[in-house]
*Asks:* 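Once you've had a glance at the structure underneath, I'll fire off some questions.
Here is the naming used below: chain letters follow the sequence lines, and residue numbers restart at 1 for every chain.
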Amino acid sequence: MTDPVKVRFAPSPTGFLHIGGARTALFNYLYAKKHRGAFVLRVEDTDKERSTPEAVEAILDGMKWLGLDWDEGPFFQSQRTEEYTKRLKILEEKGWVYRCYCKPEELEERRQAQKAAGQPMKYDGRCRELIGKELDQPYTLRFKVPEGVTEIDDLLRGKVQFDHREIEDLVLARSDGSPTYNFVVVVDDSDMGITHVIRGDDHLNNTPKQVLLYKALGVPVPKFAHLPLILGQDKKRLSKRHGATSVQSYREMGFLSHAVVNFLARIGWSHGDQEVFSKEELIEKFDLDHVGSSAGVFNEEKLLWLNQHYIKESSDEFLLDGISKFLDVSPDRRKDPGCALLLRTLRDRSQTLKEMAEKSAFFFSESVSFDEKAVSKFFKADVLDPFRKLKQVFESLEDMSEDVVKPRFQELLSELDLKMGKLAQPLRVALVGGTTSPGIFEVIEMLGKERVLKRLETAIKMIES
RNA sequence: GCUCCCAUCGUCUAGCGGUUAGGACGUAGCCCUCUCAAGGCUAAAACAGGGGUUCGAUUCCCCUUGGGAGCGCCA
């Protein structure tokens, strides 16, 4: 009988939910679901300066949108100060901490000097000498890192050793008494019973410090799995410089949440040749064994492809809702029988909901917005006669379905000795305003007789004047 | 600078000693075609380099090179 799995995602609320953070959250979520364990959400807001309630909201929103439901929390570190104080006292009693009176500027100065001298940049531990003597000055509480080596057995990296000489006496409590990250993480993960710490590779170097703290506290050390990072096109760590990096920005660009989830899952993880996974499949097939160890570049082209894939599978209802966020869709129009056809034809032509909205503007708005170039190229005098004849044809028809219109259209073509493109393109401009659209007969059918005639008339008038 | 991590097509990756090194995105060409897509078919495209180990290395070990991350009274 193995212990139940308990994992956590612990973002700091200093901005939107980042793509990289979302991936970390996803892997934790999948691991929890896969092992029927619990997924804890914890907000690391010990930095009072940079944490904001807006950011907390944004992160929770992003998580919900992606469907990464948590089982416990959100817990806030800002509300757990007594716990930290308590643990700090324990460490003090055990003799693991000492007061450091060095000023931030001095420390920074020394670090620069060390860097220049080619030395590792680390605190030299000089205040250890002061143990016993209490000065009347502000101080931080530092952890007394013992000599030796700490080996961590990472689930993804294997055994990694860290010589304690590389680890400085880290600050556990600031001069204002507030606890710092490495300390609170250990207290929280321990208190919350976290069994597996799955987080970004960037924390690998923090791990030995934390392991030392677990041991000093005399509490069990969880298992660790450090995920490869997500990089930008330039292979640098994904950051604002790379443009859209927040989950909400993808939402705003018209991506489906599951496309983002599927895409994120496939950076660093694989299951044979499979590319498309439903959420259930992800949970069923996810495992740490197939998580790679090299960082992956965020490839938006592939995300777009996946997004279109899911758009193609989406229901009319869902798509209409999605489009409505980018376009004014009247309830009336929404009930238009042409909607289904519009959506059917646009699914193959849209990579995002936003793109789909733009492409369906001709259908949802009353007037056509014309592309100038298209108008000047196709609205010429020589189409006047064909347009008028076409109008007569349309007027004579009741049913505007492709089956009915197409033969009549072709009849007219041969009567006028015109090629398909010669009439279809000008007509396309008349009906949708530009040179690209779904098939011309599909456009005619979805618009219906009334609107087709109206738009054709408008075009004729434009050419005449 | 120091420490740690990483290394298969441009990108995401499969591979877990013996393969014609597979798939996907993207790219190119062809087909389809009223435009644009979608779709179908085809093509180009990779084991960073050097040493070992082994009958045999993409696969295991070492070095080099390259890339990444971390070195805060941020998290």
*Asks:* Give every pair of a protein N or O atom and an N or O atom of nucleotides 39-48 of chain B that lie under 3.5 Å apart, one pair per line with the distance.
*Replies:*
from: B/G39; atom 1: OP1; to: A/Lys312; atom 2: NZ; distance (Å): 3.1

*Asks:* Apply the side chain to side chain contact (heavy atoms under 4.5 Å, CB included) test between A/Phe263 and each candidate in A/Phe298, A/Tyr250, A/Phe255; give the one that qualifies.
*Replies:* A/Phe298

*Asks:* Quote, to the nearest angstrom, the P distance that separates B/G26 from B/C60.
*Replies:* 32 Å

*Asks:* Give A/Arg347 one of three labels, base, sugar-phosphate or nothing, depending on what nucleic acid heavy atoms sit under 4.0 Å from its own.
*Replies:* nothing

*Asks:* Hey, is the side chain of A/Lys236 poking within less than 4.0 Å of OP1 or OP2 on B/G68, counting only N and O atoms?
*Replies:* yes

*Asks:* For the side chain of A/Arg428, starting at C-beta, report the closest nucleotide among B/A38, B/C34, B/A69.
*Replies:* B/C34

*Asks:* My understanding is that a pair needs two contacts under 3.5 Å, Watson-Crick or G-U wobble. By that rule, which nucleotide pairs with B/U59?
*Replies:* none

*Asks:* Check A/Leu342, A/Leu346, A/Val432, A/Leu341 against A/Pro438 for a side chain to side chain contact (heavy atoms under 4.5 Å, CB included) and give me the one that passes.
*Replies:* A/Leu346

*Asks:* Ignoring hydrogens and angles, tell me if any N or O in the side chain of A/Asn262 forms a donor-acceptor pair with the backbone of A/Ser278 under 3.5 Å.
*Replies:* no

*Asks:* In a check of side-chain hydrogen bond (donor to acceptor under 3.5 Å, both in side chains) between A/His226 and each of A/Asn206, A/Asn205, A/Asp202, A/Thr207, which one passes?
*Replies:* A/Thr207

*Asks:* Roughly how many Å apart are B/C12 and B/C2, using the C1' atom of each and rounding to a whole number?
*Replies:* 33 Å

*Asks:* With sequence neighbours excluded, what pairs up with A/Ser178 under the side chain to side chain contact (heavy atoms under 4.5 Å, CB included) test?
*Replies:* A/Lys48, A/Arg174, A/Asp176

*Asks:* Tell me which of A/Ser350 and A/Glu44 sits closer to the 5' end of RNA chain B, going by the nucleotide each one is nearest to.
*Replies:* A/Ser350

*Asks:* Any donor and acceptor pair, going by atom type alone, linking the side chain of A/Arg455 with main-chain N or O of A/Leu431 inside 3.5 Å?
*Replies:* yes

*Asks:* Treating A/Lys359 as the side-chain partner and A/Thr436 as the backbone partner, does any N or O pair qualify as donor plus acceptor under 3.5 Å?
*Replies:* no

*Asks:* Using whole Å, report how far CG of A/Leu170 lies from C1' of B/C71.
*Replies:* 12 Å

*Asks:* Let's test your reading of the model: under 3.5 Å, does the base of B/C36 pair with the side chain of A/Ser437 as donor and acceptor?
*Replies:* no

*Asks:* B/C30 and B/G23: how far apart are their P atoms, nearest whole angstrom?
*Replies:* 23 Å

*Asks:* Output the rounded distance in Å from CG (A/Leu431) to P (B/C36).
*Replies:* 18 Å

*Asks:* How far does the P atom of B/U42 sit from the matching atom of B/A24, given to the nearest Å?
*Replies:* 11 Å

*Asks:* How many Å lie between CG on A/Leu304 and C1' on B/A38, as a whole number?
*Replies:* 15 Å

*Asks:* Quickly work out the A/Asp371 CG to B/C36 P distance and round it to whole Å.
*Replies:* 14 Å

*Asks:* Starting at the 5' end of RNA chain B, which residue's closest nucleotide do you reach first, A/Asp234 or A/Asp45?
*Replies:* A/Asp234

*Asks:* I'd like the P distance from B/U64 over to B/U3, given in whole Å.
*Replies:* 12 Å

*Asks:* Quick one: label A/Thr436 by what it contacts on the DNA or RNA (base, sugar-phosphate, nothing), any heavy atom closer than 4.0 Å.
*Replies:* base

*Asks:* For A/Thr46, answer base if it contacts any base atom (sugar-phosphate contacts may also be present), sugar-phosphate if it contacts only those atoms, and nothing otherwise; contact means non-hydrogen atoms under 4.0 Å.
*Replies:* sugar-phosphate

*Asks:* How close or far is atom C1' of B/A69 from atom CG of A/Leu231, stated in whole angstroms?
*Replies:* 10 Å

*Asks:* How long is the line joining CZ of A/Phe76 and P of B/A75, in whole Å?
*Replies:* 16 Å

*Asks:* Which base, if any, makes a Watson-Crick or G-U wobble pair with B/G70, both distances under 3.5 Å?
*Replies:* B/C2

*Asks:* Mind checking A/Glu49 for me? I need base, sugar-phosphate or nothing, with any heavy atom below 4.0 Å counting as a touch.
*Replies:* nothing

*Asks:* Whole Å only: how far is the CZ atom of A/Phe378 from the P atom of B/C34?
*Replies:* 14 Å

*Asks:* Does A/Glu166 reach the main-chain N or O of A/Asp163 with its side chain, forming a donor-acceptor pair under 3.5 Å?
*Replies:* no

*Asks:* Out of B/C71, B/C73, B/C2, which has the shortest distance to the side chain of A/Glu166?
*Replies:* B/C2

*Asks:* Mind checking who B/C30 pairs with, Watson-Crick or G-U wobble, both distances under 3.5 Å?
*Replies:* B/G40

*Asks:* Strictly by Watson-Crick or wobble contacts shorter than 3.5 Å, is anything paired with B/A7, and which nucleotide is it?
*Replies:* B/U65

*Asks:* Where the side chain of A/Lys159 meets the backbone of A/Glu151, is there a donor-acceptor pair that is under 3.5 Å apart?
*Replies:* no

*Asks:* Sticking with atom C1', work out how far B/C62 lies from B/A57, rounded to a whole angstrom.
*Replies:* 15 Å

*Asks:* With sequence neighbours excluded, tell me which residues meet ring-ring contact (aromatic ring centres under 6.0 Å, His included) with A/Tyr31.
*Replies:* A/His35, A/His196

*Asks:* Please check if the side chain of A/Arg408 supplies one atom and the backbone of A/Val393 the other of a donor-acceptor pair under 3.5 Å.
*Replies:* no

*Asks:* Counting Watson-Crick and G-U wobble pairs only, both distances under 3.5 Å, name the nucleotide matched with B/C47, or none.
*Replies:* none

*Asks:* If a pair satisfies side chain to side chain donor-acceptor pair (under 3.5 Å) and one of its residues is in residues 339-350 of chain A, list it, with sequence neighbours excluded.
*Replies:* A/Asp316-A/Arg347

*Asks:* For B/A21 and B/C16, measure between their P atoms and round to the nearest Å.
*Replies:* 14 Å

*Asks:* Strictly by modelled atom types, are A/Gln77 and A/Arg80 linked by a side-chain donor-acceptor pair under 3.5 Å?
*Replies:* no

*Asks:* When you compare B/G40 with B/U33, how far apart are their C1' atoms, in angstrom units rounded to a whole number?
*Replies:* 14 Å

*Asks:* Do nucleotides 5-16 of chain B as a string where each nucleotide becomes B, S or -: B if the base has a protein heavy atom under 4.0 Å, S if just the sugar-phosphate does, - if no protein is that close.
*Replies:* SSS---BBSSS-

*Asks:* Choosing from B/A37, B/C4, B/G1, which nucleotide comes nearest the side chain of A/Asn205?
*Replies:* B/C4

*Asks:* At under 4.0 Å, does any side-chain N or O of A/Arg344 touch on OP1 or OP2 of B/A38?
*Replies:* no

*Asks:* List in numerical order all residues of residues 137-148 of chain A for which some heavy atom is under 4.0 Å away from an atom belonging to RNA chain B.
*Replies:* A/Thr140, A/Arg142

*Asks:* Quickly, which of A/Glu44, A/Arg50, A/Glu49 forms a side chain to side chain contact (heavy atoms under 4.5 Å, CB included) with A/Thr14? Name it, please.
*Replies:* A/Arg50

*Asks:* Go through B/A69, B/G72, B/A75 for me and flag the one nearest to the A/Asp202 side chain.
*Replies:* B/A69

*Asks:* Check for me whether the distance between the ring centres of A/Phe9 and A/Trp70 falls short of 6.0 Å.
*Replies:* no

*Asks:* How close or far is atom C1' of B/C4 from atom CD of A/Glu151, stated in whole angstroms?
*Replies:* 14 Å

*Asks:* State which of B/C73, B/U3, B/A69 makes the closest approach to the side chain of A/Phe162.
*Replies:* B/U3

